[in-house]
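Shown next, in structure tokens, is the structure this report addresses.
In what follows, chains are A, B, ... by sequence order, proteins preceding strands, each numbered from 1.
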2 protein chains.
Amino acid sequence: MSSIREVARLAGVSVATVSRTLKKPDVVSPKTRERVLAAVDKADYHPNRTAIQFRAQKTQSLVVLVPTIANTFYARVISGIQQAAQRFGYAVLLCHTQGDEQVEARYAALVSARQADGVIQLRAHDPFPATATSQRWPMVNACEVLDDPPCPSIRLDNRTAAREMTEHLIALGHRHIAMIKGPRRSPLTRDRADGYRDALARAGITHNPSWIQPGDFTPQSGYAGARALIERTDRPTALFCESDEMAIGALHYLKHAGLRVPHDISLAGFDDIEFARYCDPPLTTISQPAEAFGEAAVEMLIATIDGQEIDTSHRTMPHRLLIRASTGPVG
Amino acid sequence: MSSIREVARLAGVSVATVSRTLKKPDVVSPKTRERVLAAVDKADYHPNRTAIQFRAQKTQSLVVLVPTIANTFYARVISGIQQAAQRFGYAVLLCHTQGDEQVEARYAALVSARQADGVIQLRAHDPFPATATSQRWPMVNACEVLDDPPCPSIRLDNRTAAREMTEHLIALGHRHIAMIKGPRRSPLTRDRADGYRDALARAGITHNPSWIQPGDFTPQSGYAGARALIERTDRPTALFCESDEMAIGALHYLKHAGLRVPHDISLAGFDDIEFARYCDPPLTTISQPAEAFGEAAVEMLIATIDGQEIDTSHRTMPHRLLIRASTGPVG
DNA sequence: TTGTAAGCGTTATCAG
DNA sequence: CTGATAACGCTTACAA
């Protein structure tokens, strides 16, 4: 708990000298340096970071707004954020918002209150109030991205990815392809649904809107969506879920209903979470570079904070169609 | 970016009055209050939290040391921490340490540097240097707990839980029960192995040490452990994994090897992660109140920070044996 | 009810 | 090379 004063007193120098010894050791004489360092040790001195931040008007910390940490995809993104932040000497304030706009606003306010230097928002919503007076704070939007974000963004080409997956199913002979979507208002979900429709249109397949089930990315909603689709008389031969978690829930229902995957019905997911390959059968899915999302977000945010120019202020990360055993030829 | 001074200037009052208006509005006259509030609005004033923290010598934030966020069990614990912290008005600094002691020490130092008021350590290791001079900082140890922690702790009765699971298998007629353990040096892993041996001993079953496989809680290690056990000539009839993630990996191998669960071999996990019930067959496991772990940790830490007395400085959370379909009578 | 001013710990500036 | 001092933004005695 000793402050720089205590060290100065012990070393018989001024506080300025102590500060200098610690920041630019080469500017003080070796003799002084030695005495100061000894005093630092003796006093068990740890510079007060709050004071340093206050003085520097800079906190070296970032706020991360994450809708659910319990989703393993976000867990990977956060892991990437952590790693990169660490590399740049930034701390990460993790804020679990459950997608609640009030909560997001409250946490984003940590930046306006200068407890953090910037925000990474992982959802398609601007957490700052839209008043004309308020200035823009450093922010990056990643993963679920606004259509026209007021800041740099990092996204996937969701439309193309979903189209590729649907084309994969069509190539297997499927004509009756259902989809379990994410939340209605999400641009990401809309893009994936668009890609699905693109593929159908290109193949000349009439799109049946009642084969799109809403979901919320949880296994439970996948289970419920699959049930709703299977209980119909015009049952699809393939099911494309907008997340692996939903696909896992759907798979559970399909087995429950006595259907064999992929023999009776093909199943596809999105994200390539770790458990996707441990499913029975292993899940065909779209892999996303989750950790890279986090790293890119940190890099772009810090560049913004430092006021540097960013050449590509909107980045698109690569995806990959991963064909495993849950999709097969139409039976 | 305007400070309290700017507001004071706009309102034509002193900075003290502005401060008072915001902290204890009832102590200023209605007229002044009105003027100040208008000025706050006009200036788009946000109190500088760094300055407040500096002045108060209190940051209202907590450091959380988590070995891997990618494990869904920890994700739930963190979620509980978040919720509780929010309730108490604390921010959470999430630190992903990968179990690296250097990294842990560096993050724990945020407390000695007074950037945070306390630490929650989710691993069995003291992140503070053991020098005699250094004082103790507020800390709580949860989940994976030291045998003799220098701070309040929250744990599971791992030994009893593992004994109960093993007894469940014995009650099903199993005599050849193997185990896939966690990392060698972890007290938690040792306790679970002890509980397993306790049950065997009580049932008069000779314990075969070569039926204990080491693992590291990942699905990969579960897969490898299961393979090592199944490739033996004296194959076990039941397999108890110290985590669901390992059980999921093991299940994958068992199916790969053509074994039916539980007909040919019973399989049990630990933790009850969300995917446990979506396995095929759904996993028999031990459920832990993960979110409650996090909440309790925050409560105890804040009590420590506030210097309150804590009646039970070591808490044991309840577990529950969850019998699902992956365990069955010996075939 | 309001204003003045000290002080939290650190660093940068300016003299010496 | 070193020391004195102001300043960062805020709160709180204390005085008026």
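Considering only heavy atoms from C-beta on, B:Q115 comes within 4.5 Å of A:S61 through its side chain.
Among residues at least two apart or in separate chains, there is no ring-ring contact (aromatic ring centres under 6.0 Å, His included) pair with a member in residues 97-122 of chain A. Among residue pairs with one or both ends in residues 67-87 of chain A, those qualifying as salt bridge (charged side-chain N to carboxylate O under 4.0 Å, His left out) are A:R76-A:E291, A:R87-A:E299; sequence neighbours excluded. Among residues at least two apart or in separate chains, there is no salt bridge (charged side-chain N to carboxylate O under 4.0 Å, His left out) pair with a member in residues 23-37 of chain B.
Comparing A:V13 and B:A51 by the nucleotide of DNA chain D whose heavy atom lies nearest to each, the residue mapping closer to the 5' end is A:V13. Between B:A16 and B:F54, the residue whose closest nucleotide on DNA chain D is further toward the 5' end is B:F54. Residues B:R114 and B:S14 both approach DNA chain C. Their nearest nucleotides, taken by heavy-atom distance, put B:S14 toward the 5′ side.
Listed for the B:D126 side chain is no donor-acceptor partner under 3.5 Å among the backbone atoms of B:P150. Proximity of a side-chain donor or acceptor of A:T21 to a complementary backbone N or O of A:V36 within less than 3.5 Å is not detected. Panel note: side chain A:T68, backbone A:N71; no donor-acceptor pair is recorded below 3.5 Å. No donor-acceptor pair closer than 3.5 Å links the side chain of B:N141 to the backbone N or O of B:S153.
In this structure, the ring-ring contact (aromatic ring centres under 6.0 Å, His included) partners of A:F54, at least two apart in sequence or on a different chain, are B:F54. Residues satisfying the salt bridge (Lys or Arg N to Asp or Glu O under 4.0 Å) criterion with B:R9, sequence neighbours excluded, are B:E6. Listed by chain and residue number, A:R5 satisfy the side-chain contact (heavy atoms from CB on, under 4.5 Å) test with A:S3 (two or more places apart in sequence, or in another chain). Checked against side-chain contact (heavy atoms from CB on, under 4.5 Å), A:S112 has the following partners two or more places apart in sequence or in another chain: A:A109, A:F128, A:W137, B:H46. Take A:P67 and apply the side-chain contact (heavy atoms from CB on, under 4.5 Å) test, not counting sequence neighbours, and it matches A:Y74, A:L122, A:R123.
For DNA chain C, the contact window with chain A, defined by any atom under 4.0 Å from a protein heavy atom, covers C:dG9 to C:dT13 in 5' to 3' order. Using a 4.0 Å cutoff to heavy atoms of chain B, the contacted part of DNA chain D runs 5' to 3' from D:dG9 to D:dA13.
Rounded to 10°, the helix from C:dT1-D:dA16 to C:dG16-D:dC1 has 50° between the axis fitted to its first five pairs and the one fitted to its last five.
Only B:S19, B:R20, B:K23, listed by number, bring a heavy atom of residues 17-38 of chain B to less than 4.0 angstrom from any atom of DNA chain D.
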